[in-house]
K.L.:
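Take a look at this one; I'll ask things after.
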Amino acid sequence: MAQSERARSVANHDLPYTTRDALVRDFASRGLVALAPEDLGIPLETHDVIYAKEREAFTAGRYITASLIPEILDVIDAPGVVAACNALVGKNWAIVPFTHNTPFPSGARDQHWHKDDNGPYNLRKHRHHQAIQIEMLYYPQEVRADNGPTAVIPYSQYWTFNHEENHDNFAGADHLDFGYQVGGMERLAVSGPNSTYEFDDIVNRRTAHDIRMREAVLGTGWPLVAPFEAAPLKPGSVVLYSHNLFHRGNHRRDDWRTWKDTPRFMWRFWLYRTTEPDGKEPDEVDWRALGIDHMTGVDLSQAPDDATVLWRHHHHWLHTGWPPRRSAGRNLNGLAAALYATGEAAETKRIGAAYKLASSEDDAALRLLGDALHNERESVRRAATYGLVAVGAEATDVFLDATKSAVRWVRKAGVYGLGDVAALNERVLEVVADRLANDPSVYVRSVAANALGCLGRRAVASGIGQDLIPQCVNALVESLGREENRLGMNIAQDRSIKFVRPTDECDVCEGIGINYSTERFKRVRSAVRENALTSMVVLCSHGTALLGDEVDPTVKALVNVVRTDENVFSVGLALDSLNRLANVEPAKGNAIRKTLLGLLEDMPIHSWEPLVRSGLDPSVVREFNQAEIERP
């Protein structure tokens, strides 16, 4: 049986849910885990209530949010969900506000395979291999094999394509087959009343759409990958997967005349890390000895070492926050050649070689990775960047040197790497803050803004450099005073966000402009502001004491963002930052909490999920919702 057929046959039976002891291991390798509704720790009837309310609102054409269905907040706060997410993305994890925290109905069309953008909607960021951001899917009703199960490509999270000067992948999401959009197939109905396919072909996955989806996956040449549909799932199931996993929305294959009465909903939340892993070193895993993957049917005995070397690293990192021990005996000449292999199918060879060099005790390995970081090919630079991050703090000098490059892409890699592995000290802070303040590239500045949060998060965990966190916050506040929003690229260029292009003013996709039909917000974005405020959420997660003398200026800056910024995502992130300052140390946060509640009263719309996650009492949500109901 072919691997893709074997994976599909597994999905035709009850989907095996993930056990607690296998959670981190399976996530590090497969990139996908599933939580059973019985393991969430909330009443099963909660899911029935959510589905009934959702179906009624959907039928009435209402915009569905947590304000309308507050029971969704019980799911986010469910003990089983919190425990699993703590293990994968750290305690006190955050939710990206105002993005996709709304339900997705399944219907007649297919998305093509893509990776979601990191951060708010369609914002291009550098992708972390570590579990810095993950996605959570929640299904209030059952998901059958024929009613639109989410399609994913397990084991694909560590591989990707160029995007820096590749316009096909410029706008946030990385695509497996961009020609699917260019050719218009995404607009065509695969099933339903407007489909041109025979029903028998739809049911048996023989349509041109199905064939193209399968061929796109198998055509990558990557190991172990095969299409997989996450079904059947019981009502109330939760799926967690790597933010870098290729996936797509899937069409329904059942009788379209039943769709109106039996809609299939899915809620999606983007989660991100605010604390480092704090566990003990795990036991080594013999990955090939695991045999047939119980969920996907993939034979792990066939896993190449280009994959298992990554699994080992990230399994260890998820437990500890640092690289595993290195070993001797690597063939550096062979690895150096693999690092420069050409072609998209060689992505696994390049990335695997970089991680093998990172795991080598030979000092020459670091030099080889450092040289590759300055290579003119993006695919080589990407592999070298991930390899150097896998080295850990010893790569700091290499990344510092990269920040001085005349090539913006090398500077971007340098600043990104410092954020991921460097200790927070005066020299590192000076360089990252300088790139945030003075780099001509919006992309580099946005990565620098994100790096300051990563540096601070790690400083809290290690205790090294905590006294410099107020300076990190100050650099972010100053950035907010400089950086300006721009009209959403899709509007400014009058084209789909998938087809926007870099400009003289901005060399990174700043995302689709969204105002949610309010006058308060405009359809504007700023990659730097949004990254700076994401870092602010991370740093504010550790309380006012960490900010030192910068507490008052920080609160003032965040309040100003909430009151004046026209970018809804920036406002949502600023509110979450204030909420975290108010709740980490309740006795010190009363004044901030009072200010926060006043700000919330003036908001025309709310994103409650991030705020409840960071400590806002759900009773406050109920009070606001009741006030909205009673408002004339």
Side-chain angles (χ1 to χ4, degrees), residues 2-4 7 26-32 113-115 126-131 152-163 166 169 174-177 214-228 241-247 285 287-288 290 293 296 298-315 317 323-324 330-360 365 368-369 372-373 375 377-391 413:
Q3 184 163 285
S4 61
D26 288 352
F27 188 87
S29 55
R30 186 197 303 135
L32 171 77
W113 300 110
H114 65 281
K115 297 188 178 196
H126 198 112
R127 296 188 179 277
H128 299 270
H129 271 182
Q130 310 98 303
V152 297
I153 308 177
Y155 308 103
S156 67
Q157 69 269 30
Y158 300 118
W159 328 123
T160 194
F161 304 101
N162 292 347
H163 77 270
N166 172 5
N169 283 329
D174 294 343
H175 296 89
L176 212 58
D177 176 7
R214 289 194 294 272
E215 290 180 345
V217 177
L218 301 178
T220 63
W222 300 340
L224 304 181
V225 298
F228 180 75
Y241 65 83
S242 166
H243 203 66
N244 294 327
L245 200 72
F246 278 102
H247 65 280
V285 176
W287 300 99
R288 295 190 183 95
L290 296 176
D293 179 8
T296 65
V298 171
D299 186 358
L300 298 184
S301 70
Q302 303 302 307
D305 56 5
D306 285 335
T308 57
V309 66
L310 275 78
W311 301 350
R312 174 178 182 262
H313 178 95
H314 290 287
H315 181 247
W317 190 92
R330 295 290 189 186
N331 175 5
L332 297 193
N333 290 334
L335 294 177
L339 191 60
Y340 291 86
T342 59
E344 291 180 342
E347 170 81 352
T348 60
K349 181 182 292 187
R350 290 186 295 265
I351 298 291
Y355 273 81
K356 291 171 191 173
L357 287 167
S359 68
S360 172
L368 289 169
L369 289 169
L373 188 66
N375 190 267
R377 286 171 49 204
E378 180 186 345
S379 60
V380 176
R381 292 196 306 270
R382 178 171 60 252
T385 301
Y386 288 129
L388 288 163
V389 168
V391 167

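Position 1 is the first residue of the sequence; numbering continues from there.
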K.L.:
Applying ring pair (Phe, Tyr, Trp, His ring centres under 6.0 Å), name anything that partners Phe246, two or more places apart in sequence or on another chain.
P.N.:
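For Phe246, the residues satisfying ring pair (Phe, Tyr, Trp, His ring centres under 6.0 Å) (neighbours in sequence not counted) are Trp222.
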
K.L.:
Compare every heavy atom of Ala341 with every heavy atom of Lys349, then report the nearest pair and how far apart it is.
P.N.:
CD-CB, 3.8 Å

K.L.:
Not counting sequence neighbours, which residues clear ring pair (Phe, Tyr, Trp, His ring centres under 6.0 Å) with Phe27? List them please.
P.N.:
none

K.L.:
Could you tell me which residues satisfy side-chain contact (heavy atoms from CB on, under 4.5 Å) with Ala372, sequence neighbours excluded, listed by chain and number?
P.N.:
Leu339, Tyr340, Val380, Ala384

K.L.:
How are the rings of Tyr158 and His314 set relative to one another: parallel (under 30°), tilted (30 to 60°) or perpendicular (over 60°)?
P.N.:
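Ring orientation of Tyr158 relative to His314: parallel.
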
K.L.:
As an exercise, state the distance from CD1 of Ile153 to CG of Leu245, rounded to the nearest 0.5 Å.
P.N.:
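Result: 7.5 Å between the selected atoms.
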
K.L.:
With a 4.5 Å cut-off on side-chain heavy atoms, are Pro227 and Trp113 touching?
P.N.:
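With C-beta onward as the side chain, the pair touches.
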
K.L.:
Got a second to check how far Phe228's CZ is from Ser156's OG, nearest 0.5 Å?
P.N.:
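The distance works out to 12.5 Å.
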
K.L.:
With a 4.5 Å cut-off on side-chain heavy atoms, are Pro304 and Thr348 touching?
P.N.:
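They are not in contact (no side-chain heavy atoms under 4.5 Å apart), so the answer is no.
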
K.L.:
Arg350: what forms a salt bridge (Lys or Arg N to Asp or Glu O under 4.0 Å) with it, not counting sequence neighbours?
P.N.:
Glu347

K.L.:
Could you pull out all residues at least two apart from Trp317 that satisfy ring pair (Phe, Tyr, Trp, His ring centres under 6.0 Å)?
P.N.:
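Checked Trp317 against ring pair (Phe, Tyr, Trp, His ring centres under 6.0 Å); zero matches.
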
K.L.:
Please enumerate all residues that pass side-chain hydrogen bond (donor to acceptor under 3.5 Å, both in side chains) together with His243, with sequence neighbours excluded.
P.N.:
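Only Asn118, Gln133, Glu135 meet the side-chain hydrogen bond (donor to acceptor under 3.5 Å, both in side chains) criterion with His243.
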
K.L.:
With salt bridge (Lys or Arg N to Asp or Glu O under 4.0 Å) as the rule and sequence neighbours excluded, what pairs involving residues 302-311 come up?
P.N.:
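For residues 302-311: Asp305-Lys356, Asp306-Lys356.
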
K.L.:
Nearest 0.5 Å, please: how far is CG in Asn244 from CH2 in Trp159?
P.N.:
12.0 Å

K.L.:
Going from CZ on Arg30 to CG on Asp293, what distance comes out if it is rounded to the nearest 0.5 angstrom?
P.N.:
4.0 Å

K.L.:
Over all heavy atoms of both residues, which pair between Ser301 and Asp299 is shortest? Give the atoms and the distance, please.
P.N.:
OG-OD1, 2.6 Å

K.L.:
Report the residues that fulfil side-chain hydrogen bond (donor to acceptor under 3.5 Å, both in side chains) with Ser359, sequence neighbours left out, ordered by chain and then residue number.
P.N.:
Arg330

K.L.:
Who are the salt bridge (Lys or Arg N to Asp or Glu O under 4.0 Å) partners of Glu378, not counting sequence neighbours?
P.N.:
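Testing Glu378 for salt bridge (Lys or Arg N to Asp or Glu O under 4.0 Å), a comparison that skips the adjacent residues, returns Arg382.
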
K.L.:
Could you state the interatomic distance from CG (Leu369) to CG (Leu357), rounded to the nearest 0.5 Å?
P.N.:
5.0 Å

K.L.:
Going by the rule side-chain hydrogen bond (donor to acceptor under 3.5 Å, both in side chains), which residues pair with Thr160 if we only count those two or more places apart in sequence or in a different chain?
P.N.:
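By the side-chain hydrogen bond (donor to acceptor under 3.5 Å, both in side chains) rule, Thr160 matches Asp174.
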
K.L.:
Going by distance alone, is a donor N or O of one side chain under 3.5 Å from an acceptor N or O of the other, for His129 and Tyr355?
P.N.:
yes

K.L.:
Can you check whether Thr296 reaches Tyr155 side chain to side chain, under 4.5 Å on heavy atoms?
P.N.:
yes

K.L.:
Tell me, do Asn169 and Asn162 make a side-chain contact under 4.5 Å, heavy atoms counted?
P.N.:
no

K.L.:
Looking only at non-hydrogen atoms, find the nearest pair between Ala216 and Asp177 and report the distance.
P.N.:
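In terms of heavy atoms, the two residues are closest at CB-CB, 4.3 Å.
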
K.L.:
Taking only residues two or more places apart in sequence or in another chain, which ones pass side-chain hydrogen bond (donor to acceptor under 3.5 Å, both in side chains) with Thr342?
P.N.:
none

K.L.:
Between CG of Leu388 and CG of Leu368, what distance do you get to the nearest 0.5 Å?
P.N.:
10.5 Å

K.L.:
Compare every heavy atom of Leu332 with every heavy atom of Ala365, then report the nearest pair and how far apart it is.
P.N.:
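Reported closest heavy-atom pair: N-CD1, 4.0 Å.
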
K.L.:
Does any part of the side chain of Thr385, heavy atoms only, come nearer than 4.5 Å to the side chain of Leu373, both counted from C-beta?
P.N.:
yes

K.L.:
Do Glu344 and Thr220 come close enough that some side-chain heavy atom pair is under 4.5 Å?
P.N.:
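Answer no - side chains too far apart.
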
K.L.:
Taking only residues two or more places apart in sequence or in another chain, which ones pass side-chain contact (heavy atoms from CB on, under 4.5 Å) with Ala303?
P.N.:
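Per chain and number, Ala303 pairs via side-chain contact (heavy atoms from CB on, under 4.5 Å) with Leu224, Thr308, Trp311.
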
